[in-house]
Chemist: 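Can you read through this structure? Questions will come right after.
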Amino acid sequence: MDTDVDDTCKAGGEGEKGKPIVVLLMGAPGSGKSTFCDQVIRSSARPWVRICQDTINNGKSGTKVQCLKNAARALKEGKSVFIDRCNLESEQRADFMRLGALQVEMHAVVLDLPAKLCVSRSVKRTDHEGNLQGGKAAAVVNSMLRKKELPKLSEGFSRIVFCQNESDVQATLDTYIGLGALDTLPHGCFGQKNPDAKVQLGIMKFLKKVDVPSNARSNASRGQDSAPPEATEVKNPICEGRENISSLSDIAGDITRLHSRGGLHCNVIANAANWRLKPGGGGVNAAIFSAAGPALEVATKEQAKSLSPGNAVVVPLSSASPLHISEGVTHVIHVLGPNMNPNRPNCLDGDYVKGCKILRMAYTSLFEGFLSTVRSQEKLPKGSIEKIGSKPSVLLGHSKDAPKIFSLKSDQKIKRDGVYEHERSKKCKGSQNEVGSDINVSRAGKVNANNDNTGGSNSKVWGSWAQALYNIAMHPQKHKDDLLEIADDFVVLNDLYPKAKKHILVLARCDGLDHLADVSKEHLQLLKMMHAMGLKWAEKFLLEDASLVFRLGYHSVPSMRQLHLHVISQDFDSKHLKNKKHWNTFTTAFFRDSVDVIEEISNHGKATLMDEESVLLMELRCHRCRSAHPNIPRLKSHITNCRAPFPASLLQNGRLVLAPSNT
DNA sequence: GTTCTAGAAC
DNA sequence: GTTCTAGAAC
């Protein structure tokens, strides 16, 4: 900070001796204004009063007039005063500046900390006096910062201090804490580095437009004179459709007119879509679909029928679309953020921690989707974009990360064609030669069990490391030393990496039965036999140790190929249980109890499955008392001691298997 | 599925 | 500084 080495002057300095001080704090929610006041008041020898509009009315929010009255009263009593409100606009400050008439010193302390810090603090806090916290805080902070006007001496301040980071704040704190009743501070402006910077510089650099609001207009006229933008040119690559997230809307305005109105060359625009990927709704989604014309709806349908939170889908825009012709937009990336609306799927029910994770996933999906369009353009000759537009799967195929971006869950009807499948198959390292480009042939006919690692399922590709159980199931005699029991339809073996004191697998030997998704009514008898075999072994273990409790079930989406039933003791006392996925695959709805699977297959012909990603999103909760824990070590130390009864749902329908003495 | 490890979080 | 997670590689 540019302040003098020793800021304080003893009585007789520039300021006038003994005058009370009014300090107007300025800063966004979360900038630390209240903390600043509290720290000074706690440690200063000078009498201070904090005037806070959020609490001035007997602890409740009050009016500006009440603030002014209370401030004037305190000043007349010889106390100094902090005005603890945002005070970001000069108009808001003007009324308080009238206090200067009361023969007091007017100071401003500007807590001009990075926007993202203020946002994260205000989102996380849970005890804010003005109840500005949680999800709504981010929008409020961004909106307030857009209107920020830094204070000037001409407004009537005798001293202004700007704090741009934590150490500036600490230095200013020290100055005010050390200020005795009769001390004064030098007049002037201190610490200002970046006058009136409302927008994060990084964003401006990203857009290569350092002074946008003023020259956007002139660029607009230039844009209108020139020919439509080149389809393959990537200049300002991507613009965010959701206005309250960044300051981009200040710059770009209407996302559907970035070129014609804003002079920005954006080939790819992001749309904060709805889960059905339909036009309509309000705001950005409706505007983009409307500007793009029916071509976008058609192209979107070709890519996906719906989208779950955190995912994105890249839609190439036909060259006939008005948005393509007049704005040069070649792709729209639909992206779906977290949902707090109980009337829509995947409602998070106020869980902002999960919400933040999904938001992060959404941004990652968006940027990876964008990357896939850039990679495609790099590999293809100029002018070939239109061709790509008619074959969207080529675009996806060029990105090695494509399957991750589009998060291919079984319930998302993503269209695939041969090219895309081929690219996907390359992910199976060590086996691509076997599968090769004939994947569609092997898919079309019945799978050759020995050569095709894609298995009998039509929705999952298995890595080479995922074949171990399959190999055992097909050739049990080769592995007989490792097996507990071999029967005609299944084998029993210890899990190689047991996640509990006792953890065995009952492995189906039926070829083509890779996982639960492949199971149908014809396998009902097999499921029942596997269950009976699991029970037999659980009971055997219970004879050896009556304190154990067993659960029998399947993973919704297993990592290892070949249907296998887990029989696992509920102590989870194992060095192999190391991460969140391990825990959540055995203790959440991802684990499908064998009894329930049998019932569902019997009644509906298929089992309900939970998707894989959800497992990693869920917090770590004790399987007995349901308490939440921050990490695996803490969870493990909790479960060693937790003796709470198991949740009621587990105690029903024979989901838990206990020793006869414990039932 | 595991192992390894960079780097985030504390 | 250590602990812990998460992604890549297998």
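Throughout, a chain's letter reflects where its sequence line sits, starting with A, and its residues are numbered from 1.
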Chemist: Under 3.5 Å, is there a donor-acceptor pair between the A:T35 and A:D38 side chains?
Modeler: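 Their side chains do not contain a donor-acceptor pair, so the 3.5 Å distance test is not met.
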Chemist: Tell me whether A:R561 is salt-bridged to A:D514, with the criterion being a basic N under 4.0 Å from an acidic carboxylate O.
Modeler: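 Result for this pair is yes, salt bridge flagged.
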Chemist: Compare side-chain N and O positions of A:H555 against OP1 and OP2 of B:dG1 and report whether any pair is under 4.0 Å apart.
Modeler: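 So the side chain of A:H555 is within the cut-off, an N or O lying under 4.0 Å from OP1 or OP2 of B:dG1.
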Chemist: Strictly under 4.0 angstrom, non-hydrogen atoms only: write out the protein contact profile of nucleotides 2-10 of chain B, one letter per nucleotide from the 5' end, B, S or -.
Modeler: SS-------
Chemist: In whole angstrom, what separates A:W462's CH2 from B:dG1's C1'?
Modeler: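 One finds 11 Å between C1' of B:dG1 and CH2 of A:W462, rounded.
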Chemist: Salt bridge check, A:K581 against A:E612: does any charged N sit closer than 4.0 Å to a carboxylate O?
Modeler: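 Yes, charged N to carboxylate O under 4.0 Å.
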Chemist: Ignoring hydrogens and angles, state whether a donor on the side chain of A:D511 or A:Y470 is under 3.5 Å from an acceptor on the partner side chain.
Modeler: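 A:D511 vs A:Y470: donor-acceptor pair found between side chains.
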Chemist: What nucleic acid atoms does A:I632 come within less than 4.0 Å of, heavy atoms only: base, sugar-phosphate, or nothing?
Modeler: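 Answer is sugar-phosphate: A:I632 comes under 4.0 Å of backbone atoms only.
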Chemist: Go through the structure and list residues passing salt bridge (Lys or Arg N to Asp or Glu O under 4.0 Å) with A:D596, not counting sequence neighbours.
Modeler: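 If we apply the salt bridge (Lys or Arg N to Asp or Glu O under 4.0 Å) test to A:D596, skipping adjacent residues, the hits are A:R655.
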Chemist: Specify the separation, in whole Å, of atom CG of A:N471 and atom P of B:dG1.
Modeler: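 That distance rounds to 16 Å.
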Chemist: Among A:H515, A:H566, A:H564, find the residue that satisfies the ring-ring contact (aromatic ring centres under 6.0 Å, His included) test when tested with A:H555.
Modeler: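 The ring-ring contact (aromatic ring centres under 6.0 Å, His included) with A:H555 is passed solely by A:H566 among A:H515, A:H566, A:H564.
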